[in-house]
Amino acid sequence: IGSITKTFTAILAADMFLNSYFSDDTVSHYLPDSLVAMPTKDSSEIRFIHLLTHSSGIPRSPQNTSFPYPAGYDPLDPYAAYTSEHIYDYLTNYCELEFIPGTWWLYSNTGMGLAGHLIGLVDGTSYETVLTRDIFNVLDMDNSSLFLTAQQMNNLANGHNPYKQIVPNWNAQDIFQGAGFIKTSLNDMFKYLEANLGLINTPLRDAIDLTHQPQFHQGSLGDIGLAWYILELSDGQVIIHHGGGTGGYDTYIGFNKSLSTGAIVLFNSKVNESILVIGERVLKAINKY
């Protein structure tokens, strides 16, 4: 489901915050000093909330900078070769922030991947462990994971490019998993949608609601909560939504909390039209009929 993964990462971070896992909200506080030094701008440090709202100033990905590609880099699987050590090196020696943290907005896979990595460090385990334990198991999303079993691989819908050619699946190591690498099913996504709408009882309720609160205004793009986007549609609905895209897939989830309505759109191909536009059309149709 690509970048819809970011909303899971935000819920985990919010849940850990509400349960006092964080004694400090600066990113550097939780990273090993001997291995990485976080970039700053005008002496301003990056905080957790900056990662979760894309307001850290970290560029979208290392490929958008002068950072050399890691050994084995494959443009058809662009995140697979990056290890934590690569990104530590990138942050310490190559990353130049685009703006003072918290003053502007720039979508960043690197920033959200780092947020997932930090969740694992704070917990003393890994992002995969926390994600499985605190969301998948809690919501009974038993067909969701970062890594697929042999049986799940048999059930996987192959991804396609716009020319209807099968393309390789994207992969990531721990440092990028929180940015976009969950595999799931439509049935499990409905469980996730119901949880976000408050239609099922879950200990994640307060954390989920926190991620829906506006944190940063993006002008014509609406507001951003913790990972989620909040937008008023032309028909007057206020929706919370997120899209996702990897090499062969486009995905969307959006919902209207006041009406308890929502939509999930899953394509196993790259579509010519924006997946966000398609998702919004579905929500408008639900509202109309």
Side-chain angles (χ1 to χ4, degrees), residues 1-21 48-49 51-53 112 115-116 119-120 122-123 125 127-148 152 177-215 222-231 233 237-244 249 251-266 275-276 279-280 282-283 286-287:
I1 54 172
S3 287
I4 293 175
T5 301
K6 293 178 173 68
T7 66
F8 289 76
T9 301
I11 290 170
L12 290 175
D15 188 51
M16 295 177 82
F17 170 76
L18 292 173
N19 285 287
S20 302
Y21 273 71
F48 256 95
I49 195 169
L51 299 180
L52 299 173
T53 56
M112 197 66 77
I119 285 168
V122 171
D123 189 70
T125 57
Y127 176 74
E128 179 191 15
T129 297
V130 182
L131 176 66
T132 303
R133 183 191 68 209
D134 294 351
I135 295 186
F136 294 158
N137 291 349
V138 169
L139 299 181
D140 294 323
M141 296 177 67
D142 50 13
N143 256 329
S144 300
S145 61
L146 287 171
F147 304 102
L148 300 181
Q152 289 172 327
Q177 287 166 3
F181 292 89
I182 289 175
K183 291 81 173 173
T184 189
S185 67
L186 182 60
N187 187 57
D188 274 10
M189 285 302 292
F190 272 113
K191 294 176 183 178
Y192 187 59
L193 176 60
E194 289 172 341
N196 275 278
L197 285 170
L199 300 179
I200 57 177
N201 293 322
T202 167
L204 292 169
R205 173 80 277 127
D206 290 343
I208 289 172
D209 287 342
L210 180 57
T211 66
H212 298 165
Q213 300 305 309
Q215 303 288 341
D223 294 320
I224 187 168
L226 301 182
W228 291 104
Y229 297 95
I230 302 128
L231 180 67
L233 300 183
Q237 289 190 83
V238 175
I239 64 165
I240 299 171
H241 70 102
H242 208 292
Y249 304 89
T251 60
Y252 175 88
I253 182 172
F255 48 91
N256 181 329
K257 291 184 76 174
S258 66
L259 298 178
S260 294
T261 57
I264 300 161
V265 185
L266 306 176
I275 191 70
L276 301 179
E280 289 173 10
V282 175
L283 286 167
I286 293 171
N287 189 41

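Computed from a predicted model, the values in this text were never measured in an experiment.
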Who pairs with [X] by side chain to side chain donor-acceptor pair (under 3.5 Å), at least two apart in sequence or on another chain?
X: Ser258; result: Asn256
X: Ser3; result: Lys6, Tyr107
X: Asp209; result: Arg205, Lys257
X: Glu280; result: none

For [X], enumerate each residue passing the salt bridge (Lys or Arg N to Asp or Glu O under 4.0 Å) test, keeping only those at least two apart in sequence or located in another chain.
X: Lys183; value: none
X: Asp123; value: Arg133
X: Asp134; value: none

Euclidean distance, [Y] [atom2] relative to [X] [atom1], rounded to 0.5 Å:
X: Ile264; Y: Phe190; atom1: CD1; atom2: CZ; result: 4.5 Å
X: Ile119; Y: Tyr127; atom1: CD1; atom2: OH; result: 6.5 Å
X: Ile182; Y: Phe147; atom1: CD1; atom2: CZ; result: 11.5 Å
X: Leu226; Y: Leu210; atom1: CG; atom2: CG; result: 5.0 Å
X: Ile4; Y: Thr251; atom1: CD1; atom2: OG1; result: 3.5 Å
X: Leu146; Y: Gln177; atom1: CG; atom2: CD; result: 5.0 Å

Any idea which heavy atoms bring [X] and [Y] closest together, and the distance?
X: Ile286; Y: Gly262; value: CD1-O, 3.4 Å
X: Ala207; Y: Ile11; value: CB-O, 3.8 Å
X: Thr211; Y: Ala14; value: CG2-CB, 4.0 Å

>> Going by side chain to side chain donor-acceptor pair (under 3.5 Å), Ser144 matches just one of Thr132, Thr184, Asn137. Which one?
In response: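 The passing option is Thr184.
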> Between Phe8 and Met141, is a side chain to side chain contact (heavy atoms under 4.5 Å, CB included) present by the stated rule, with each step listed?
Replying inline: CA-CA 12 Å; Phe8 289 76; Met141 296 177 67; 3.9 Å; yes
>> Ile239 and side chain to side chain contact (heavy atoms under 4.5 Å, CB included): which single residue from Asn287, Thr261, Leu233, Leu259 fits?
In response: Leu233
Kindly write out the residues that satisfy side chain to side chain contact (heavy atoms under 4.5 Å, CB included) with [X], not counting sequence neighbours, or none if the list is empty.
X: Asp223; result: Pro214, His217, Ile230
X: Ala115; result: Thr9, Leu51, Leu52, Met112
X: Asp142; result: Asp188, Lys191

>> Applying ring pair (Phe, Tyr, Trp, His ring centres under 6.0 Å), can you list everything that pairs with Tyr229, at least two apart in sequence or on another chain?
In response: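 Ring pair (Phe, Tyr, Trp, His ring centres under 6.0 Å) check on Tyr229 returns His241, His242.
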> Could you walk me through whether Ile1 and Tyr249 pass the side chain to side chain contact (heavy atoms under 4.5 Å, CB included) check?
Replying inline: CA-CA 7 Å; Ile1 54 172; Tyr249 304 89; over 6 Å; no
> Hey, mind stepping through Tyr21 and Leu12 against side chain to side chain contact (heavy atoms under 4.5 Å, CB included) and telling me if it holds?
Replying inline: CA-CA 11 Å; Tyr21 273 71; Leu12 290 175; over 6 Å; no
Show me the side-chain donor-acceptor pairs of residues 194-203 shorter than 3.5 Å, one per line, residues at least two apart or across chains.
from: Asn196; atom 1: OD1; to: His212; atom 2: NE2; distance (Å): 2.9
from: Asn196; atom 1: ND2; to: Tyr192; atom 2: O; distance (Å): 3.0
from: Thr202; atom 1: OG1; to: Leu204; atom 2: N; distance (Å): 3.0

>> Using only atom types and a distance under 3.5 Å, with no angle test, would you say the side chain of Thr7 pairs donor to acceptor with the backbone of Ala227?
In response: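 Judged by distance alone, no pair lies under 3.5 Å.
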